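The next block holds one structure in the form of structure tokens; read it before the comments.
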Amino acid sequence: MSYDRPNRLTYTFPALDWGDNNSESFGIRGPKGKKGRLIDYGVIGVTEAFTSDNMTISVGTATDPDAFGDEFILNGAAAGSAKTVRSTYAEHEQGFKNHMVNPNLPADTDIVVTMTGASAAGIGTPFVVIDWDW
């Protein structure tokens, strides 16, 4: 697989009120026959600060919600900001490696982005960045 000139796609989803204490998930399917690499994920466009460690986003499959990207805690994301794995950790840090559980995405697989909420404040736009082999 070559990522010399990847097809980098950013997937954004509708703004979500994590404080509703429920879970949401969205599916992604890459270009047919192409493997991918998880580059980043988190929340952008925060309009209400995140105030609980129980508000997370993860990247996986329907049967394993964190198969590719472990639950990333959004607590501390302030209004008017963003919180992402890459903005929180450098690639060489253990925290980055802990969240990018398996960044290599198989071809023709449904990738599921899962958001879990809590009964606390937190509104923002979830996103995922994937490089698809081109």
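These numbers come from a predicted model, not from an experiment. Counting begins at 1 with the first residue of the sequence.
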Examine Phe26 and Ile130 and state if one hydrophobic cluster contains both, with Ile, Leu, Val, Met, Phe, Trp and Tyr joined whenever side-chain heavy atoms are less than 4.5 Å apart. yes
Indicate, with yes or no, if Val59 and Ile28 share a hydrophobic cluster defined by side-chain heavy-atom contacts under 4.5 Å among Ile, Leu, Val, Met, Phe, Trp and Tyr. yes
Contact list for [range], test salt bridge (charged side-chain N to carboxylate O under 4.0 Å, His left out), sequence neighbours left out:
| range | value |
| --- | --- |
| residues 116-125 | none |
| residues 99-122 | Arg29-Asp110 |
| residues 94-105 | none |
| residues 76-96 | Arg86-Glu91 |

Write down the atom of Ile57, the atom of Gly42, and the distance for their closest heavy-atom approach. CD1-O, 3.5 Å
Using side chain to side chain contact (heavy atoms under 4.5 Å, CB included) as the criterion, list what pairs up with Ser25, not counting sequence neighbours. Val112, Thr114
Sequence neighbours left out, what passes side chain to side chain contact (heavy atoms under 4.5 Å, CB included) with Ser119? Give chain and number order. Asn21
Keeping Asp17 on the side-chain end and Gly19 on the backbone end, is there a donor-acceptor pair under 3.5 Å? yes
Grouping ILVMFWY residues whenever side-chain heavy atoms fall under 4.5 Å, the cluster of Val129 otherwise contains Ile39, Ile44, Phe127
Going by chain and number, the hydrophobic cluster around Ile123 (ILVMFWY, side chain to side chain under 4.5 Å) further includes none
Any Val113 side-chain heavy atom under 4.5 Å of Met115 side chain: yes
Taking the side chain as every heavy atom from C-beta outward, state whether Met100 and Val85 have any pair of such atoms under 4.5 Å apart. yes
List in chain and number order the residues that pass side-chain hydrogen bond (donor to acceptor under 3.5 Å, both in side chains) with [X], two or more places apart in sequence or in another chain; answer none if no residue qualifies.
| X | answer |
| --- | --- |
| Asp40 | Thr84 |
| Asn98 | Gln94 |
| Thr51 | none |

Is any side-chain N of the basic residue among Asp133 and Lys35 closer than 4.0 Å to the acidic one's carboxylate O? no
With no hydrogens and no angle check, just 3.5 Å: does a side-chain donor-acceptor pair link Thr56 and Thr116? yes
For residues 65-79, which side-chain N or O atoms pair as donor and acceptor with protein atoms under 3.5 Å away, sequence neighbours left out?
from, atom 1, to, atom 2, distance (Å)
Asn75, OD1, Ser52, N, 3.3
Asn75, ND2, Asp53, OD1, 2.9

Please name the residue in the list Tyr11, Phe13, Tyr41 that meets the side chain to side chain contact (heavy atoms under 4.5 Å, CB included) test with Pro126. Phe13
